[in-house]
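Okay, structure first, notes after.
Given the structure is predicted, the values throughout are model-derived calculations rather than measurements. A, B, ... follow the sequence lines: proteins, then strands. Residue 1 opens every chain.
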Amino acid sequence: MKIKAINGFKDILPDAALRWQHIEQTARDIFERFGMREIRMPILEKTELFSRSIGEATDIVEKEMYSFSDKGITMRPEATASLLRAFIEHGLHVQQPVQRLYTIGPMFRHERPQKGRLRQFHQMDVEIIGATEPQVDAELMAMGQMLLNSLGLKVSLEVNSLGCPDCRPGFRTQLIEYLEERKDDLCEDCRRRLSTNPLRTLDCKSRGCKALVKDAPSILKSLCNACNEHFAEVEHTLGLLGVTYSKNRFMVRGLDYYTRTTFEFITGDLGAQAAVGAGGRYDGLIEQLGGPKLPGIGFAMGMERIALLMEQQVENGIHKPSADIFVAALGAKASEYGCVLVQNLRSLKLKAAMDYSGRSLKAQMKQAGRINSRFTLIIGDNELAEEKAVLRNMQTQEQVDFPLNGTGVEQAQRLADYTESSQG
RNA sequence: GUGGGCGUAGCUCAGCUGGUGGUAGCACCGGGUUGUGGCCUCGGAGGUCGUGGGUUCAAGUCCCAUCGCUCACCCCA
């Protein structure tokens, strides 16, 4: 074999695709219960869209995007920016004060791949635009939890507030002061983070930093009144909705645009990747992108991470679909006959299959078993001569004679009726 | 960008200190059943041992290089 897929890009083979379909169908069903409408955007956007939303100085924008440098366009690294661009471009806010939108599709990031991190990955992304009420924050988390629970996954929800442009800078200054005084005890990475991204020290994995940061100033104690009230109401509503969660004041976001509520659905079962889904509020972002002054909140779930978790946490509850009828034909005449019959059955919406190779009946039966067919219709020269075929119920092993009189369409209809009224 | 691990059949893998590549499992094809699947049984097909070089009488095995995969760090959905 010569040509292989590019590193970090993965094929989703038929067995796995079944799982993906299940994930996606479950998600669409739940999203729509919450009034979300689907929106689909292109995969390519102007590079500027991401540098303005995600943050000019972030690693994502600086070195981890798939960009066509000569054209100023980029393969989207996340969905929120594209979705908001479409929202603003088409003035969706004038149609409805609050828009609930979701989108599902591939994203691209030029990072070294590892477990649960591919260069092409897939997200299910949800955004509620135009609502600032804390109940919406809670509702969104409840929806995420409902989805993960419906898939049979055990993950925990962690919630934090990052404050707003009024109160976050103050916290940031306090934190830097605290860390500067203890600089010598920080790990090498954190000493660097102190100048590049001080908040990141809060979720450093090193034991020393963890202990040190434990007594650092708390963002939750630095919130302004408005943010504090908002967060309290989010917690209250989560309680009302019966959502289990824990507060995590060390949770940090990598993207610049988040304000107030942020949350993550996390697990310990994905190696170094903890987050199955994550999101938060971004009350200034839409305006920053040249749109109306509207608040927003959303989250994204990683589909390969969900799929990995399901492999691990959920017994294989996904059954391969079965065919309704397999036509086993013996001889050229029977094969021709079966070919037409299968076509008629399919017109009647049955899943019908046959093998044209002219192999032994044994081999054909084996194939019928492999595709998990409910019935097999056996047609040979004898049957054609006597105008009746053998219809075998693959599960019960019962066989009945099936008359072949009437037109092809009539025969197909009789078969369809029979299989519908039988357990197989 | 940095560090570790691994490349043997379609897949999962044996292969000890160099001495003829596995009766290994799964999957595939065929026989046992002259026209009946799953279970069983017998047989079959399938490989440049990632690639290139070196050491050696002899390399899947040792050395060097290279490519690929993978996990982790950085970063982060």
Side-chain angles (χ1 to χ4, degrees), chain A residues 1-10 13 15 54-55 57-65 76-81 106-119 121-126 187-190 192-193 196-197 200 203-206 251-256 258 262-266 270-280 298-306 323 326 328-331 334 355 357-383 389-399:
Chain A
M1 168 136 57
K2 246 185 177 160
I3 301 178
K4 305 204 300 180
I6 304 167
N7 190 15
F9 292 72
K10 274 227 165 97
L13 300 177
D15 284 343
I54 293 170
T58 57
D59 271 30
I60 300 176
V61 167
E62 278 183 357
K63 51 187 190 192
E64 287 165 3
M65 297 203 302
R76 63 182 185 194
E78 55 122 21
T80 304
M107 313 289 155
F108 304 84
R109 302 217 351 215
H110 196 281
E111 298 169 303
R112 230 7 124 69
Q114 54 183 295
K115 189 180 175 73
R117 296 179 76 172
L118 296 175
R119 287 181 167 180
F121 56 104
H122 298 77
Q123 290 189 332
M124 306 188 288
D125 184 85
V126 173
C187 72
E188 199 181 321
D189 286 329
C190 280
R192 180 173 43 74
R193 285 176 182 130
T196 57
N197 191 354
R200 268 288 155 205
D203 67 354
C204 179
K205 284 168 189 162
S206 105
M251 196 173 89
V252 182
R253 305 276 70 189
L255 280 53
D256 284 357
Y258 285 107
T262 57
F263 54 97
E264 282 182 356
F265 293 98
I266 62 169
L270 283 178
Q273 318 306 324
V276 178
F299 71 78
M301 297 246 185
M303 293 185 73
E304 21 291 273
R305 291 188 185 179
I306 289 176
F326 182 89
L330 298 159
D355 179 326
S357 68
R359 291 191 292 175
S360 68
L361 181 59
K362 178 175 176 168
Q364 294 193 50
M365 292 295 293
K366 198 173 175 185
Q367 175 65 10
R370 186 159 29 211
I371 64 170
N372 197 17
S373 185
R374 296 169 58 220
F375 294 90
T376 299
L377 188 72
I378 301 166
I379 312 174
D381 292 339
N382 303 344
E383 283 79 3
V390 175
L391 184 59
R392 178 180 176 88
N393 182 322
M394 296 297 276
Q395 204 175 358
T396 64
Q397 306 190 31
E398 284 167 344
Q399 299 193 164

Going by the rule side chain to side chain donor-acceptor pair (under 3.5 Å), which residues pair with [X] if we only count those two or more places apart in sequence or in a different chain?
X      : answer
A:R112 : none
A:D189 : A:R192
A:D203 : A:R200
A:R193 : none

[X] side chain vs [Y] backbone, donor-acceptor pair below 3.5 Å:
X      : Y      : value
A:R392 : A:F375 : no
A:Q364 : A:A329 : yes
A:S373 : A:F326 : yes

With hydrogens left out and only the distance checked, is there a donor-acceptor pair under 3.5 Å joining [X]'s side chain and the base of [N]?
X      : N     : value
A:R200 : B:C74 : no
A:Q114 : B:U70 : no
A:Q364 : B:G35 : no

Indicate whether OP1 or OP2 belonging to [N] is found under 4.0 Å from a side-chain N or O atom of [X].
X      : N     : answer
A:K10  : B:U70 : yes
A:N7   : B:U70 : yes
A:R192 : B:C75 : yes
A:N197 : B:C74 : no
A:K4   : B:G68 : no
A:R117 : B:C71 : no
A:R370 : B:C29 : yes

Checklist entry - If you find the nucleotide of RNA chain B closest to A:D189 and the one closest to A:R253, which residue's nucleotide is nearer the 5' end? => result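 Looking at the nearest nucleotide for each, A:D189 comes out on the 5' side.
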Checklist entry - Between A:E383 and A:E78, which is nearer to the 5' end of RNA chain B once each is assigned its nearest nucleotide? => result A:E383
Qualifying residues under side-chain contact (heavy atoms from CB on, under 4.5 Å), relative to [X], sequence neighbours excluded:
X      : value
A:A79  : A:T103, A:M107, A:D125
A:N372 : A:S322
A:A272 : A:Q114

Checklist outcome for this item: Quick note, A:R112 side chain, CB onward, closest among B:C29, B:U2, B:C75 is B:U2
Checklist entry - B:C74, B:U36, B:G30: which one has an atom nearest the side-chain heavy atoms of A:A363? => result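 Side chain of A:A363 sits closest to B:G30.
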Between [N] and [M], how many Å separate the two [atom1] atoms, rounded to a whole number?
N     : M     : atom1 : result
B:C74 : B:C64 : C1'   : 31 Å
B:U48 : B:A9  : C1'   : 13 Å
B:A14 : B:A24 : C1'   : 7 Å
B:G22 : B:G37 : C1'   : 31 Å
B:G38 : B:G32 : P     : 14 Å
B:A65 : B:A58 : C1'   : 23 Å

Checklist entry - Quick one: salt bridge (charged side-chain N to carboxylate O under 4.0 Å, His left out) partners of A:E304, sequence neighbours excluded? => result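 For A:E304 there are no salt bridge (charged side-chain N to carboxylate O under 4.0 Å, His left out) partners, ignoring immediate neighbours.
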Mind checking [X] for me? I need base, sugar-phosphate or nothing, with any heavy atom below 4.0 Å counting as a touch.
X      : result
A:D125 : nothing
A:G116 : base
A:E264 : nothing
A:E304 : nothing
A:R359 : sugar-phosphate

Item to check | Paired and unpaired positions of RNA chain B as dot-bracket, Watson-Crick or G-U wobble under 3.5 Å, | denoting a partner strand | outcome: (((((((..((((.....[..).))).(((((.......))))).....(((((..]....))))))))))))....
Write down the distance between [atom1] ([X]) and [atom2] ([N]), rounded to a whole number of angstrom.
X      : N     : atom1 : atom2 : answer
A:N393 : B:G37 : CG    : P     : 15 Å
A:E188 : B:U2  : CD    : C1'   : 12 Å
A:M365 : B:G35 : CE    : P     : 14 Å
A:D15  : B:C26 : CG    : P     : 18 Å

I need the minimum non-hydrogen distance between [X] and [Y], along with the two atoms involved.
X      : Y      : answer
A:E383 : A:I378 : CG-O, 3.8 Å
A:L118 : A:G8   : CB-O, 3.4 Å
A:M251 : A:T262 : CE-OG1, 3.0 Å

Item to check | Neighbours of RNA chain B within residues 271-278 of chain A, by heavy-atom distance under 4.0 Å | outcome: A:G271, A:A272, A:A278
Next on the checklist: The test is side-chain contact (heavy atoms from CB on, under 4.5 Å); show your working for A:C190 and A:S206 and say whether it passes.
Outcome noted: CA-CA 9 Å; A:C190 280; A:S206 105; over 6 Å; no
Checklist entry - Just by protein heavy atoms under 4.0 Å, how would nucleotides 38-44 of chain B read 5' to 3' in B, S and -? => result B------
Item to check | Pair A:M394-A:M365, side-chain contact (heavy atoms from CB on, under 4.5 Å): steps then yes or no | outcome: CA-CA 9 Å; A:M394 296 297 276; A:M365 292 295 293; 4.0 Å; yes
Polar atom pairs between nucleotides 5-7 of chain B and protein, under 3.5 Å, N or O only, would you list them?
none

